[in-house]
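In this text the structure is predicted, and so the values were computed from the model without any measurement. In each ligand, atom 1 is the first atom listed, and ligand 1 is the first ligand listed.
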Amino acid sequence: MKERFETIRDEALARIGATTDLKSLDEVRVAYLGRKGKVTEILRGLGQASPEERKEIGQRANTLKKELNECLDTRKNTLEEQENLEKVQSENIDISLPGRGIPPGHVHVINQISDEVLDIFSQMGFQVAVGPDVETEYYNFDALNTPDDHPARDSHDTFFVKPGVVLRTQTSPVQIRVMEQTPPPVAVVVPGRVYRVDLDATHSPMFVQMEGLLVDKNITFADLKGTLMHFLHTFFGKDIQVRFRPHFFPFTEPSAEVDILWTARDRHTGEMKSKWLEILGCGMVHPEVFKRVSYDYESYSGYAFGLGIDRIAMVRHAVSSITHLYDNDLRFLEQF
Ligand code: DAH
């Protein structure tokens, strides 16, 4: 009897000592102390033994049970400590590593250019005015002397919010808003977003313009040309090549478009190429426009222009496609 207990004891202790994780340790516990375990079975067989034997077996079995429980607990603590240590080591945090940098933001290239243009015109005495992006057809077209059947009014070109209300296609409606509020003389520049149903390398459905309007006595086309040339020379330098072309706008007469020479990498061949890029429309304010805002067109004259801020950004930075400016790809924007 005594040997049988010792055999079980030695065998159990050896198995406990050999365990390497908590799961196999629990298997050993079940094999000896579980419901069908070896020690449990001995106790269960007590009924068939004689009273003296019963006492001895009972005592031995309980002592063994106690001893095994203690060993299991000790082993469990050791294994738990080991597992914790391994976990901590594998999740090791190196507090000497440098942190992840949070780069500071900066002004978007379009706003940089817009600020620079505003500065140049402010120095010439122009005030800054603004108007709404969602505009009525009246301000965007009618008041600007645009006929009802003008193609620009078509939904192929203009985003309609609802009948009579559009996303402004130009900053020109702010001319009307300013003249309605202010008697002449006026000199304003109007930066703002404009919207058109259009998309290619030089057109984006949303882009940024800057409108200019100057009304006073004896204003001529020479004043317009002189002002624009002064601006272009200040912004691009004296070497910039400029071309004035006659054009038509319903709200100016005569009207012109201005192109400058633009050099950028060709998107298909990769070569540097120069071509004329239209950057603004301009002209002398049409008498019909003055009538709308009750300006005395006999005594006053004025000029107006609408400048593509993104277009001059493309020329300044040799950007090959307007969409780069609005894609918000940081790899592009961080260069400015
Ligand atoms: N609004 C015109 C456009 O977006 C540009 C323009 C042309 C504005 C002539 C003007 C102007 O003020 O006088 O195409």
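Note: His108 and Tyr326 have parallel aromatic rings, judged against thresholds of 30 and 60 degrees for the angle between ring planes.
Annotation: cation-pi pair Arg168/Tyr139 absent, no NZ/CZ under 6.0 Å from the ring centroid and within 45° of its normal.
Looking at residues two or more places apart in sequence or on another chain, you find a side chain to side chain donor-acceptor pair (under 3.5 Å) between Glu211 and Thr171, Ser172, Gln175.
The contact shell of ligand 1, taken as protein residues with any non-hydrogen atom closer than 4.0 angstrom, comprises Gln170, Ser172, Gln175, Arg196, Gln209, Glu211, Phe249, Phe251, Thr252, Gly281, Cys282, Gly283, Ala304, Phe305, Gly306.
Residues Phe336 and His317 place their aromatic rings such that the two centres sit under 6.0 Å apart.
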Taking only distance into account, with no hydrogens and no angle test, what donor-acceptor pairs under 3.5 Å do side-chain atoms of residues 239-255 form with protein atoms, sequence neighbours excluded?
from, atom 1, to, atom 2, distance (Å)
Arg243, NE, Asp259, OD2, 3.1
Arg243, NH2, Asp259, OD2, 3.0
Arg245, NE, Asp259, OD2, 2.7
Arg245, NH1, Glu257, OE1, 3.2
Arg245, NH2, Glu257, OE1, 2.9
Arg245, NH2, Asp259, OD1, 2.8
Arg245, NH2, Asp259, OD2, 3.3
His247, NE2, Glu257, OE2, 3.3
Thr252, OG1, Ser255, OG, 2.7
Ser255, OG, Phe249, N, 3.4
Ser255, OG, Thr252, O, 2.9

Review item, side-chain donor-acceptor pairs of residues 8-18, under 3.5 Å, at least two apart:
from, atom 1, to, atom 2, distance (Å)
Arg9, NE, Glu67, OE1, 2.9
Arg9, NE, Glu67, OE2, 3.0
Arg9, NH2, Glu67, OE2, 2.8
Glu11, OE2, Tyr32, OH, 2.4
Glu11, OE2, Lys38, NZ, 2.9

